Protein chains: 2
Amino acid sequence: MQITRETDYAIRCVLYLTSRTDRVVMVDEISREMAAPKSFLAKILQKLVKADIARSFRGVKGGFQLSREPRDITLLDVIEAVEGSIALNACVLDRTACGFSSTCAVHPIWIGLRAEFNELLKKHNFADIAGTKPSSDREP
Amino acid sequence: MQITRETDYAIRCVLYLTSRTDRVVMVDEISREMAAPKSFLAKILQKLVKADIARSFRGVKGGFQLSREPRDITLLDVIEAVEGSIALNACVLDRTACGFSSTCAVHPIWIGLRAEFNELLKKHNFADIAGTKPSSDREP
DNA sequence: TAAAATAGGAGAATATATATCTTATTTTCA
DNA sequence: TGAAAATAAGATATATATTCTCCTATTTTA
């Protein structure tokens with residue numbers, strides 16, 4: 001029921017790139033700034049590239065850069081780039097995952113929840129997130 | 001990003017008990033009907049008892065029964081009974097989980113999403129779910 | 001008091017998440 | 001043109017969490 005640490009790194013990574021759109025940034029720098037293991041982050045960045053969220057440049061002076069406007073990158077985009085399509089229950093993405101699904105009363109609920117949840121995630125883009133003031137929320 | 005199989009069993013288990021509120025049901029029967037391993041299910045039922053979703057009776061003629069009206073048991077109740085408080089990111093439940101949270105622009109988003117998501121789950125109670133017609137949805 | 005059920009702890013087996021390492025490829029620039 | 005600096009990609013190791021089983025204790029019925 002949680003995003004993985006990989007996804008968390010990916011989000012912070014996109015957040016960092018959002019703050020550095022003026023130039024190309026090396027994995028090493030993101031790794032340092034976002035406290036994420038370099039080679040793991042490199043893998044994650046490859047997924048972001050495949051999802052057309054970032055673009056990469058090889059060789060000396062290489063690195064990464066967002067390939068879209070922060071405003072056009074949503075939380076859902078980044079989560080799906082890393083984890084693939086998301087759903088609360090495997091049967092939503094693959095009916096063969098559960099022999100019951102054709103008669104299961106919960107199945108349609110999962111379908112509906114997935115749609116609603118995806119909508120929630122789509123509402124948050126990285127321009128907005130980067131503009132958010134550091135939290136003054138107190139709980140927990 | 002998914003509920004665990006344990007949670008899935010728990011939900012199907014409550015769904016089965018919802019259809020048999022007139023009597024006490026043995027683990028063996030639920031296990032058979034819901035295709036869940038018996039001893040695993042026994043553990044899950046203990047969690048449901050602790051959460052005051054089911055009550056148990058020991059000894060010959062023992063078994064389980066819902067301890068509340070199906071209408072008063074929500075999806076959120078069952079998920080939390082099994083998984084504990086849920087949140088998309090560990091930092092929402094435990095700020096020490098991430099050194100960044102006090103300055104992190106994503107943190108408040110997680111907090112908000114958690115609240116919205118919990119609301120979605122609260123909307124579904126087991127009287128409604130049990131009343132749902134078997135899905136005629138076609139995807140996937 | 002024997003049989004049938006749940007309670008609870010410990011632990012084994014399996015799967016997934018989290019990294020790391022190595023080699024290949026690309027690009028820059030002296 | 002070749003050395004250095006960067007990403008790309010595959011293989012593999014390590015850690016953690018999930019899933020499931022087993023054993024013993026306790027409770028209840030007849």
Side-chain angles (χ1 to χ4, degrees), chain A residues 1-13 17 23-32 34-51 53-67 79 81-84 86 88-90 93-94 97-98, chain B residues 1-13 17 23-32 34-67 79 81-84 86 88-90 93 97-98:
Chain A
M1 268 310 312
Q2 283 191 354
I3 58 161
T4 63
R5 195 176 315 183
E6 184 182 17
T7 303
D8 192 55
Y9 290 155
I11 290 169
R12 303 212 307 247
C13 180
L17 291 176
R23 61 183 173 88
V24 163
V25 182
M26 289 191 306
V27 176
D28 242 337
E29 176 179 340
I30 309 175
S31 166
R32 229 180 315 111
M34 296 288 100
K38 181 180 171 181
S39 35
F40 194 24
L41 200 52
K43 297 293 184 195
I44 295 169
L45 277 156
Q46 287 175 33
K47 292 187 182 180
L48 295 177
V49 169
K50 272 189 188 148
I53 289 169
R55 79 169 67 97
S56 72
F57 301 91
R58 288 181 159 200
V60 179
K61 296 209 166 183
F64 294 87
Q65 198 172 38
L66 293 184
S67 61
I79 294 175
V82 173
E83 305 194 7
I86 59 174
L88 294 180
N89 203 330
L93 301 171
D94 171 19
C98 163
Chain B
M1 269 311 307
Q2 284 191 353
I3 58 161
T4 63
R5 195 176 317 182
E6 184 183 17
T7 304
D8 191 54
Y9 290 155
I11 291 169
R12 303 211 309 247
C13 179
L17 291 175
R23 61 182 172 88
V24 164
V25 182
M26 290 190 306
V27 176
D28 241 336
E29 177 179 339
I30 309 174
S31 167
R32 227 180 315 111
M34 296 289 99
K38 180 180 170 180
S39 34
F40 194 24
L41 198 53
K43 299 293 186 197
I44 295 169
L45 277 157
Q46 289 175 31
K47 292 187 181 179
L48 296 178
V49 169
K50 272 188 187 145
D52 189 31
I53 289 169
R55 79 169 68 98
S56 70
F57 301 92
R58 288 181 160 198
V60 180
K61 294 208 169 183
F64 294 86
Q65 197 172 37
L66 293 183
S67 62
I79 294 175
V82 173
E83 305 194 5
I86 59 174
L88 294 180
N89 203 330
L93 300 171
C98 163

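Since the structure is predicted, the reported quantities are computational estimates derived from the model, not experimental observations. Chain naming here is simple, since letters A, B, ... match the order of the sequence lines and numbering starts at 1 in each.
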Inset, instruction - Could you tell me the separation between the CD atom of A:Q2 and the C1' atom of C:dT18, rounded to a whole number of Å? - result: 15 Å
Inset, instruction - Report yes if a side-chain nitrogen or oxygen of A:Y9 is closer than 4.0 Å to either non-bridging phosphate oxygen (OP1 or OP2) of C:dT18; otherwise report no. - result: no
Legend entry - Minimum-distance nucleotide (side-chain atoms of A:Q46 versus C:dT6, D:dA8, C:dA19): D:dA8
Legend entry - Whole-Å gap separating P (C:dT20) and CG (A:D28): 13 Å
Legend entry - CD-NZ distance between A:E83 and A:K47, expressed to the nearest 0.5 angstrom: 8.5 Å
Inset, instruction - Tell me whether the OP1 or OP2 atom of D:dT19 has a side-chain N or O from B:T4 closer than 4.0 Å. - result: yes
Legend entry - Distance-only donor-acceptor test (3.5 Å): side chain A:R58, base C:dT25: yes
Legend entry - Atom-pair distance (CG on B:L45; P on D:dC20), nearest Å: 15 Å
Inset, instruction - Determine: side-chain N/O of B:S56 to OP1/OP2 of C:dA7, distance under 4.0 Å, yes or no. - result: yes
Inset, instruction - Starting at CG of B:D8, measure out to CG of A:N89 and round the result to the nearest 0.5 Å. - result: 4.5 Å
Inset, instruction - Name the nucleic acid region contacted by A:V49, choosing base, sugar-phosphate or nothing; use a 4.0 angstrom heavy-atom cut-off, strictly under. - result: nothing
Legend entry - Length of the CZ-P vector between A:F64 and C:dT26, whole Å: 15 Å
Inset, instruction - Take atom CG of B:L41 and atom C1' of C:dT6, then tell me their distance rounded to the nearest Å. - result: 12 Å
Inset, instruction - Would you indicate which nucleotide in C:dA19, D:dC20, D:dA6 comes nearest to any side-chain atom of A:R5? - result: C:dA19
Legend entry - Whole angstrom value for the distance that separates P of D:dT12 from CZ of A:F40: 19 Å
Legend entry - Shortest non-hydrogen contact between B:L48 and B:A10, atoms and distance: CD1-O, 4.4 Å
Inset, instruction - Choose from C:dT18, C:dC21, C:dC29 the nucleotide whose nearest atom is closest to any side-chain atom of A:E6. - result: C:dT18
Legend entry - B:S31 side chain vs B:P37 backbone, donor-acceptor pair below 3.5 Å: no
Inset, instruction - To the nearest 0.5 Å, tell me how far A:I79 CD1 sits from A:I11 CD1. - result: 5.0 Å
Legend entry - Of A:K61 and A:K50, the one whose closest DNA chain D nucleotide lies more 5': A:K61
Inset, instruction - Could you check how far CZ of A:F57 sits from C1' of D:dA8, rounded to whole Å? - result: 15 Å
Inset, instruction - With heavy atoms under 4.0 Å as the rule, sort A:K43 into base, sugar-phosphate or nothing. - result: base
Legend entry - Proximal nucleotide (of D:dA4, C:dA3, C:dT6) relative to the A:V60 side chain: D:dA4
Legend entry - Touch class at under 4.0 angstrom, heavy-atom based, for A:S39 against every strand present: base
Legend entry - Length of the line joining A:I3:CD1 and C:dA17:P, which is rounded to integer Å: 13 Å
